[in-house]
Number of protein chains: 2
Amino acid sequence: MAENSKESLDEIDRLLMRELVVDGRATLATLAEKAGLSISAVQSRVRRLEARQVIRGYTAKVDPEALGLMLSAFVAITPLDPSQPDDAPARLRHIDAIESCHSVAGDESYILLVRVASPRALEQLLQEIRATANVATRSTVILQTFYER
Amino acid sequence: MAENSKESLDEIDRLLMRELVVDGRATLATLAEKAGLSISAVQSRVRRLEARQVIRGYTAKVDPEALGLMLSAFVAITPLDPSQPDDAPARLRHIDAIESCHSVAGDESYILLVRVASPRALEQLLQEIRATANVATRSTVILQTFYER
DNA sequence: ATTGAAAGATCTAGTGC
DNA sequence: GCACTAGATCTTTCAAT
């Protein structure tokens with residue numbers, strides 16, 4: 001994980017990022033007004049934040065249930081063979097249903113967040129995960145999501 | 001959680017959403033080209049997806065570590081007093097460090113994802129969570145995030 | 001680093017099919 | 001539901017400070 005900046009972020013940078021998190025399509029004109037700067041000044045700041053990868057990109061927030069992904073779950077995974085190199089995250093990367101993958105300091109090695117259409121689809125996904133990465137899985141089904149920011 | 005559409009999404013809607021998840025700032029012209037439709041047609045579809053809340057908004061993806069939030073953790077919480085109404089998510093909603101809040105079908109009632117600057121800040125946050133919602137907490141520190149889509 | 005201004009690209013709203 | 005057009009708004013680029 002390389003460091004990505006020599007200079008730190010000032011208050012205006014933080015303001016711009018806060019605004020862009022709230023509205024990823026905010027125009028430079030809007031941002032300039034809130035920051036009290038000219039459009040060009042805001043533009044160069046935003047481009048710099050993007051180049052430094054402080055801002056990694058922009059995305060639409062989509063309702064998973066609207067896409068038919070009615071079931072979400074945390075899946076904790078434990079490698080079964082300690083003698084093998086543990087490359088589970090790389091092996092699992094191609095599986096679309098896996099939204100995030102973290103290594104953790106807990107009973108298990110990794111925690112995934114997955115989204116599927118149905119309990120049946122979760123079962124199939126777990127089989128795929130176990131077969132692909134040679135791991136045991138422990139799943140915690142999400143009943144309701146109150147907020148995700 | 002009310003249903004939000006009578007008509008289902010067609011292939012073009014799905015294409016547009018995929019593109020907008022990859023690039024939340026994609027222009028209507030770009031989307032129109034990929035969809036093989038006119039700009040107006042794409043515009044009305046995107047506006048309709050937004051109105052139906054299939055697309056819930058747009059956001060900049062910001063590197064938490066660039067903001068000084070060096071430590072992320074899952075926090076599982078258990079209400080301590082079953083005789084009280086369980087409104088933990090509402091009580092915790094105002095805490096900025098909490099990125100997401102789900103109720104789950106597992107040993108605990110809720111799982112939060114939190115981001116803080118340091119172990120010391122995590123300790124303070126846990127105290128705040130326990131005091132605010134009258135709950136026990138069990139934390140799992142994230143060592144590395146391989147991907148979050 | 002910030003400003004200002006001009007040219008080009010994009011969005012929006014209206015019309016008609 | 002889709003396409004086309006015109007006017008408004010936004011972004012980009014560049015010279016200047």
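Labels below follow one simple rule: chain letters A, B, ... track the order of the sequence lines, proteins then strands, and each chain is numbered from 1.
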Tell me whether [X] is salt-bridged to [Y], with the criterion being a basic N under 4.0 Å from an acidic carboxylate O.
{"X": "B/Arg93", "Y": "B/Asp87", "value": "no"}
{"X": "A/Asp13", "Y": "A/Arg18", "value": "no"}
{"X": "B/Arg115", "Y": "B/Glu148", "value": "yes"}

Backbone of A/Gly24 reached by a side-chain donor or acceptor of B/Arg25 within 3.5 Å: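 It does hold such a pair.
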Can you tell me the distance, in whole Å, between the CZ atom of A/Arg48 and the P atom of C/dA1? 6 Å
Please determine whether residues A/Leu126 and A/Val116 belong to a single hydrophobic cluster, defined as Ile, Leu, Val, Met, Phe, Trp and Tyr linked transitively by side-chain heavy-atom distances below 4.5 Å.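 Result: yes, single cluster for both.
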Interface with DNA chain C, restricted to residues 22-47 of chain A and to heavy atoms under 4.0 Å: A/Arg25, A/Leu37, A/Ser38, A/Ser40, A/Ala41, A/Arg45
